[in-house]
Amino acid sequence: MEKKDTSKEIDLSTFKEEVLKAYPSKVAKKRSKAIVYNDPDSRPVIQANVRTIPGIITQRGCTYAGCKGVVLGPSRDILNITHGPIGCGFYSWLTRRNQTRPEGQDDPNFITYAFTTDMHEKNIVFGGEEKLKQAIREAYEIFHPKAIAIFSTCPVGLIGDDVHRVARQMMEEIGNGVIIFGFSCEGYRGVSQSAGHHIANNGLFKNLIGRDDTVEGKFPFRVNLLGEYNIGGDGFAIDDLFKRCGVQLVSTMSGNSTLQKFERAHTADLDLVMCHRSINYVASMLETAYGIPWISVNFIGAHTTVKSLRKIGEYFNDANLKARIEKVIAEEEVKVKKELEKVYPKTKDKLVMLFVGGSRAHHYQMLFNELGMRTITAGYEFGHRDDYEGRRVIPTIQIDADSRNIEEITVTKDPRYRLRKTPEEIEALEKEGLDFDNYEGMMADMTKGTLVIDDISQYEMEKLIEMYHPDIFCAGIKEKYVVQKMGIPLKQLHNYDSGGPYAGFEGAINFYKDIEQIVCCSIWKELKAPWEKDGECIEAEYVG
Ligand code: CFM
């Protein structure tokens with residue numbers, strides 16, 4: 001494939017019309033609402049979090065993946081059992097590269113295991129509850145975990161197995177203070193993994209948070225980091241920064257987490273929300289029940305890391321803390337600058353396309369900006385309108401049948417509720433630039449006229465590549481080889497391929513190096529798919 005001269009202006013304006021041509025009219029009408037041209041000031045309405053049209057090849061995963069794989073999966077000492085056929089458990093086993101580091105050699109770490117009830121036809125016909133009970137007994141006998149979580153896959157809901165009843169019964173049968181809780185996170189329950197996040201958040205709040213009032217840690221500035229999953233060691237990089245700055249991390253949800261950290265999360269004084277898509281519900285619940293304010297942060301990108309650290313300093317307003325933060329920033333900025341100077345002339349003006357999950361397609365634009373690269377189009381797999389347009393649009397989002405399917409729990413003030421800051425203090429901090437309970441969304445950070453596409457289809461992705469020849473495409477494993485066969489390098493931004501950490505300053509440096517290697521590698525231009533070589537061309541057309 002011929003490479004375009006990237007210094008030329010790129011005309012994206014014909015894309016939408018061009019891509020919609022191929023669809024039957026009803027599909028085209030629906031897809032047209034999910035493909036919009038950005039305006040960072042007015043932020044156009046985008047269709048998001050609605051069912052994918054049957055027949056379209058989507059990037060999305062399922063509700064079970066969002067609950068088990070994403071939110072609960074990274075915690076190391078809760079024994080997670082998948083109630084379902086073998087594939088669901090097996091394919092959600094460690095492919096996300098979420099890392100963990102037990103403190104002592106004898107501390108439990110169940111992440112390396114895949115626990116599943118392995119339902120067979122007999123269980124589907126006659127019910128799987130007995131098999132689940134047996135699995136719990138066996139797991140307890142062998143591993144003696146303090147907590148067991150059960151995750152429902154599609155057949156569980158279809159045949160009516162009651163995982164919550166089994167959890168209660170087994171908790172009674174086993175005793176010993178073990179906590180057992182279930183999730184109704186059947187794959188079909190929502191339109192994507194996003195429903196699974198919400199279900200998981202409710203479960204965390206109902207079953208774990210607030211169980212232990214112990215206040216521990218040597219630093220007085222106590223924070224939770226929500227929506228950081230320690231992919232490729234990102235969480236470790238952030239932990240390290242916090243330690244150097246003197247910030248006490250009470251709980252990370254849920255990278256490198258433990259049961260105890262969840263149980264003590266309510267003892268923190270500030271919640272930092274990184275991936276708002278997957279966990280904004282917990283931030284709101286912690287604020288309502290315990291009075292912990294929250295702000296959004298982003299540790300993807302050196303500039304945003306600086307900003308996020310300074311926000312923490314502002315909030316606690318302690319001279320010593322602020323000085324430590326500034327010292328760390330000054331030390332790290334030297335290293336970052338040195339690396340950036342080496343790669344910038346090579347990466348500058350390269351074109352990026354980013355289609356990932358529910359927050360990274362936004363957050364990683366910050367790193368690409370640092371490299372002087374241009375994101376001409378981006379989108380989420382399962383983001384909601386607020387992830388694109390900003391949190392303020394939430395009241396205007398229509399609640400459809402799929403959203404009603406997810407339990408809404410009512411959270412009230414806990415007797416331990418404690419105001420961390422008076423309303424006057426919050427107001428003063430807001431004047432200083434701290435933005436509480438808010439995030440601005442992807443559109444605010446993308447330039448005018450760039451393309452924002454929700455739940456991109458494979459066809460649309462191919463069309464983008466054909467028309468604009470990006471220097472790098474960022475997505476996941478399902479897209480990787482299709483894109484690479486088109487001669488465009490694909491960087492996985494879910495599991496980072498084999499790379500990372502990419503968070504914090506250390507992560508930014510890693511990212512600069514990895515991206516420079518990828519976008520400056522000339523091998524991609526040589527790549528020809530077999531059918532291109534043989535001069536064959538296979539094309540099909542929809543005849544509606
Ligand atoms: Fe949040 Fe995530 Fe993401 Fe996500 Fe995910 Fe992920 Fe993701 Mo893959 S929690 S929304 S459900 S940042 S697994 S660590 S990379 S799609 S953009």
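In listed order, ligands and their atoms are each counted from 1. Keep in mind that this is a model prediction, so the values were computed, not measured.
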Using a strict 4.0 Å cut-off to heavy atoms of Arg360, name the atoms of ligand 1 that fall inside it.
12 (S), 14 (S), 15 (S), 17 (S)

Is Lys146 paired with Glu263 through a side-chain N to carboxylate O contact shorter than 4.0 Å?
no

Salt bridge check: are Asp497 and Lys480 linked by an N-O gap of less than 4.0 Å?
yes

Ring of Tyr229, cation from Arg96 - is the NZ or CZ under 6.0 Å from the centre and inside 45° of the axis?
yes

Between Asp234 and Tyr496, is there a side-chain donor-acceptor contact under 3.5 Å, judged purely by atom types and distance?
yes

With heavy atoms of His197 as the reference, note each atom of ligand 1 found under 4.0 Å away.
11 (S)

So between His494, Arg277, Glu381, Arg96, whose heavy atom ends up nearest atom 13 (S) of ligand 1?
Arg96

Can you tell which of Tyr496, Tyr380, Phe382, Tyr364 gets a heavy atom nearest to atom 5 (Fe) of ligand 1?
Phe382

Only heavy atoms of Val70, strictly under 4.0 Å: list the atoms of ligand 1 that pass.
9 (S), 11 (S), 13 (S)

Those atoms of ligand 1 less than 4.0 Å from some heavy atom in Gly358:
3 (Fe), 10 (S), 17 (S)

Pair His276-Ser296, side-chain donor/acceptor within less than 3.5 Å:
no

Can you name the salt bridge (charged side-chain N to carboxylate O under 4.0 Å, His left out) partners of Arg43, sequence neighbours left out?
Glu440

Counting from 1 in the order shown, the ligand 1 atoms closer than 4.0 Å to a non-hydrogen atom of Cys275 are 1 (Fe), 9 (S), 10 (S), 12 (S)

For Ile231, the atoms of ligand 1 under 4.0 Å from one of its heavy atoms are 14 (S)

Going by heavy atoms, is Ser359 under 4.0 Å from ligand 1?
yes

Mind checking whether Tyr468 and Phe15 have parallel, tilted or perpendicular rings, split at 30° and 60°?
tilted

